[in-house]
> 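Mind looking over this structure? Questions follow.
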Amino acid sequence: MACQSVSAVMDEQALLGLNPNADARYRQRAMAYFEQLKESQDAWEVCAEALAKGIYNDDHVKFFCFQVLEHQIKFRHAGLSAAQQQLIRETLMKWLQCQLMNTHPEKPFIRNKAAQVLALTFVMEYVTLWPKFFFDILSLVGLNPHGVDIYLRTLMAIDAEVVDRDILHSPEETRRNTLIKDTMREQCIPHLVESWFQILQTYQQSHPELTCQCLEVVGAFVSWIDLNLIANDRFVNLLLSQMSVEELREEACDCLFEIVNKGMDPMDKTKLVESLCQVLQSAGFFNVEQEEDVDFLAKFSRLVNGMGQSLVLSWTKLAKTGNVKDTAETLQAVEAKVPLLLQLLVHEDDDISANIVGFCYEYLHVLKQLPQLSEQQKANVEAIMLAVMKKLTYDDEYNFENEGEDEAMFVEYRKQLKMLLDRLAQVSPELLLEAVRRVFTSSMQTWQTAPFMEVEVAIRLLYMLGEALPASHGAHFSGDTAKTSALQDMMRTLVSCGVSSYQHSSVSLEFFETVVRYDKFFIVEPQHIPNVLMAFLDQRGLRHNSPKVRSRVAYLFSRFIKTLHKHMNAFIEDILTRIQDLLELAPPENGFPALLTSDDQLFMFETAGVLIVNGESPVERKQALMRSLLLPLMDAFRLLLAKLLQETEEERQAALADCLSHAVGFASRTSKAFSNKQTVKQCGCTEVYRDCMQSFLPALSCPVQRGVLRSSVRSFLHRMIICLEEEVLPFIPAASEHMLKDCEAKDLQEFIPLISQITAKFKRQVSPFLQQVFMPLVLAIFEVLARPAEENDQAAALEKQMLRRSYFTFIQTVTGSGMNEVMANQGAENIERVVFTIIQGAVDFPDPIAQKTCFIILSKLVELWGGKDGMVGFPDFIYKHIVPACFLAPLKPTFDLSDAQTVLTLSECALTLKMIHLKRGPEFIQFLQQEYLPSLQVSPEISQELCQVIQQPDVKVLKNYIKAFFQRAKL
């Protein structure tokens, strides 16, 4: 390389742009310079020289030089000359040598980048060009702290490149990595392990950060090197001594964890874990109560968890071999860890407890497999139960009003404890039931004086039994008498001891959650329903001072009523009176916050609907009750719509539109109460819902806030099509006309399912209407799809794609509903235009979902119009357009035959060819053999083969053949 001064060679102006605070022009120049250096044959060499000679002090320039080097090694290594490869090796070693002499180390981000570049060079050259990589580095750095730091960082970077299982590697990289590891095992691993031992021994007092780094390296490498190099007295004693050094103990713990986690023969693993445990125990580490450092204990808990899980895995493997002696020994080893497990599980710090849950879970799994439990094992199960119950309890610091990260972590931790509880139920359901009963009964006797967390956890445990003890469809109160009587007793106590009045939101919530989980209890003992209803309806439930409780209770109340509606007859009108104020539409201008949000009110309206519809009142009474429920919504709707039409301020318009949308949503939700057994007609409610339609439809022509209003009215129409049957039909033409005016892609996309629903439900009845609306709808879709959009506007492109899919689905519904006349009566020009869009959808747009729909439509059209008495001119269209579509679509480069959705499209394409043959017979085969396939340069043999497959009866054979045909064609 030319030895001119670097400043003459490197673009100093561009280097200024590397500073994060530089202005955009310099930054752009720096980027361009970076690209130029990366791509040039030899310009990058200036960076190598700058690093080797330490010319620049600026960190950003050093980092830049390493990045340029990294690019050469990663992407251009094979194209470099031998001299250039040698230059890279020399540069790295010279740079490393400089580090040994520097008083201050480089910044960590420079050291990490250097380690990355060294690791990449190692990966490229170790096996072939630089077998003495480690020898060279270790000879150079010796025990110099700066050098050792780079050496350890390089080893971690090598681990990331070669070993890390979280990084996906190509098969070629995997082969390369295996070869590197095999070569390292043969040539240098013992030397590396010796270097680690020396570093750990030398620096444990003077440089604890280097010692921690080295422990991390040992932990990373131990999974694939010979364990005897590490798991020996010399090394383990050193690690154990470091477990007592404050700055090192956490890393030493992690290192031991990795050693324990290494895969090996089950009996060897048992011996390793046992010898480690013995040493740890005699060193006093099992005396958990005396340890105050919770961060260390969290790591220690993870280590014990690893040891426990390793022993369970060994036991599982040994049990399968039938080796009785070794299996029993390993089980004994597992059992011996249970006292320690319990100490950690019940520790007041949740992180320490959470880290041992895995071992605890697997220990219970072992017990579940044993034919019977010893007294000691039963005692262990009971101790775990008590620990879980204790740890489920909230602490004083939990903030119920403003839940943050700590609260979220506790909720997650509770989920882990719930898994343990479920597993305990599998091991010994009787023990669990008895333990919960004891805790529950004791707490309910003293709830007036007990702290909230004790009361909450007692009810919570009863709630959790519902999932832990299996019962089909929640039938906890029939079958096994011991279980049902215990649960029944606890439920009776819950609803009659007065605990629903406890003044804490967590207890209130748990009370109602539990009442609804065991709602079947009230079928067995309906005498408790009035008390519980009052709890739902007063300040304990729907009128509680916490919005969170009110909101959840609104949902739970609707579930309670749905399950027990047959038992509600005596209370219906009383309930409706008591909830009347909760059913009022909150006006937008009212500054007072309502008791319930609009989402909560949806549940209240549904509940009111269920009560009215399922009551035993005469039809006239049901009609009157439903009208009194819906009339205020209609009245409010008319007033608010009139206000909206006069309002000019956009924010007020949005608030009014929201309120109107809620009114429609509430009315819609009441209709969910109807069923096949209790229809709108049978309940005499047809007229009131027709009146709702009359009230709501004018909103469709409102010129402002169209999106919100249309969406809510459309949802209401969907519900009415289900509930009102043909009574809804007179409203559809006018509604459709409004919805097709000035619409956006999203409007149309949401309108099409409405038309499809009507088509599928009423078929012939709506044929005249469909014939009338068909072309206006299609033209509206064409117009929106033709609107220009920004080239890189992905949202607009996606909207168009979704609209195109909706359009094809609509055509599919029409053609598949047996109403041939809807399309046939649109006039030849319109039919041709529509059918061309289907051909275009099948071939031109790379969207397999839409393409599949298009082929289904084409197949249907061939069936309807392709026969002898079909539509005039259609056979000609088949040969000119449909047959080519069946071949051109799969031949497109975007048609990916390895994609499952695309393969489904190809199946429909095959079925279309089959349908053409069914309708046109030998004429079609002749057309393929003599005209079309020769035009695609298909050989006569393959052409004949394809035609034979099309003519045979089994469609599956055709589908498989077609796939192979196009796979061959694309090679």
Side-chain angles (χ1 to χ4, degrees), residues 155-156 158-169 171 173-186 188-190 192-193 196 214-236 239-240 251-280 299-323 325-334 336-337 341 355-363 365-366 369:
L155 285 169
M156 286 311 292
I158 288 171
D159 174 72
E161 288 289 332
V162 177
V163 184
D164 195 331
R165 289 178 181 82
D166 294 334
I167 295 170
L168 281 175
H169 291 294
E173 286 171 338
T174 306
R175 276 195 299 277
R176 176 203 72 189
N177 292 347
T178 306
L179 178 62
I180 289 174
K181 285 189 286 188
D182 288 346
T183 312
M184 282 178 74
R185 283 189 197 102
E186 277 172 35
C188 66
I189 287 296
L192 295 187
V193 173
W196 301 338
C214 191
L215 287 166
E216 196 184 347
V217 168
V218 176
F221 277 68
V222 80
S223 68
W224 60 275
I225 64 175
D226 177 4
L227 189 66
N228 293 321
L229 295 168
I230 306 286
N232 52 48
D233 289 350
R234 184 174 83 132
F235 224 109
V236 170
L239 288 176
L240 285 167
E251 281 296 347
C253 225
D254 281 346
C255 187
L256 286 171
F257 172 80
E258 295 299 341
I259 292 171
V260 165
N261 250 13
K262 184 175 169 71
M264 59 174 88
D265 170 81
M267 215 46 219
D268 290 348
K269 174 62 72 77
T270 301
K271 284 173 186 160
L272 171 72
V273 170
E274 283 303 81
S275 64
L276 197 54
C277 275
Q278 224 170 349
V279 185
L280 286 169
K299 296 282 190 185
F300 180 68
S301 184
R302 179 170 173 260
L303 171 61
V304 176
N305 191 58
M307 294 196 291
Q309 287 184 313
S310 294
L311 288 173
V312 170
L313 186 62
S314 294
W315 178 84
T316 309
K317 287 177 179 172
L318 291 165
K320 282 180 186 161
T321 64
N323 183 331
K325 178 176 166 292
D326 289 352
T327 309
E329 261 179 48
T330 304
L331 182 57
Q332 208 176 340
V334 173
K337 310 296 168 290
L341 176 154
N355 281 349
I356 199 78
V357 165
F359 172 32
C360 188
Y361 188 78
E362 291 186 14
Y363 170 62
H365 187 59
V366 169
Q369 295 171 66

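No experiment lies behind these values; they were computed from the predicted model shown.
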> Test M184 against L192 for side-chain contact (heavy atoms from CB on, under 4.5 Å), laying out the working first.
CA-CA 10 Å; M184 282 178 74; L192 295 187; 3.9 Å; yes
> Any donor and acceptor pair, going by atom type alone, linking the side chain of K269 with main-chain N or O of V260 inside 3.5 Å?
yes
> Is K325 paired with E329 through a side-chain N to carboxylate O contact shorter than 4.0 Å?
yes
> Under a 4.5 Å cut-off applied to non-hydrogen side-chain atoms, are I259 and L272 in contact?
yes
> Taking all atoms of both residues into account, what is the closest heavy-atom pair of E173 and L168, and its distance?
OE1-O, 4.4 Å
> Would you name the heavy atoms of G306 and F257 that are closest together and state the gap between them?
CA-CE1, 3.8 Å
> In Å and rounded to the nearest 0.5 Å, what is the CE to NZ distance from M307 to K337?
7.5 Å
> Scan residues 303-318 for pairs that pass side chain to side chain donor-acceptor pair (under 3.5 Å), counting only residues two or more places apart or in two chains.
N305-Q309, Q309-E362
> First locate atom CG of L318, then atom CG of N323, and finally report the distance between them rounded to the nearest 0.5 Å.
6.0 Å
> To the nearest 0.5 Å, what is the distance between OG1 (T270) and CE (M264)?
10.0 Å
> Is any side-chain heavy atom of L256 closer than 4.5 Å to a side-chain heavy atom of L276?
yes
> Distance from I180 atom CD1 to R175 atom CZ, nearest 0.5 Å?
13.0 Å
> Closest heavy-atom contact between L311 and T330?
O-CG2, 3.3 Å
> One pair to check against side-chain contact (heavy atoms from CB on, under 4.5 Å): L280 and L240. What are the steps and the verdict?
CA-CA 8 Å; L280 286 169; L240 285 167; 3.4 Å; yes
> Side chains of V163 and N177: does their closest heavy-atom pair fall under 4.5 Å?
no
> What is the minimum heavy-atom distance between I167 and A160, and which atoms define it?
CD1-O, 3.3 Å
> Give the intermediate values and the outcome of side-chain contact (heavy atoms from CB on, under 4.5 Å) for residues W224 and I189.
CA-CA 10 Å; W224 60 275; I189 287 296; 3.9 Å; yes
> Measure across E161 and R176 and return the closest heavy-atom pair with its distance rounded to 0.1 Å.
O-NH2, 4.0 Å
> Take D254 and K299 through the side-chain contact (heavy atoms from CB on, under 4.5 Å) test and state the conclusion after the steps.
CA-CA 7 Å; D254 281 346; K299 296 282 190 185; 2.8 Å; yes
> Should F300 and N355 count as side-chain neighbours, where that means a heavy-atom distance under 4.5 Å?
no
> Please give me the minimum heavy-atom distance between F359 and V304, naming the atom from each residue.
CD2-O, 4.3 Å
> Just checking Q278: does its CD atom have more than 12 heavy atoms from other residues, nucleotides or ligands closer to it than 6.0 angstrom?
no
> Look up atom CZ in F221 and atom SG in C255, then write down how far apart they are to the nearest 0.5 Å.
12.5 Å
> Distance from L239 atom CG to I230 atom CD1, nearest 0.5 Å?
8.0 Å
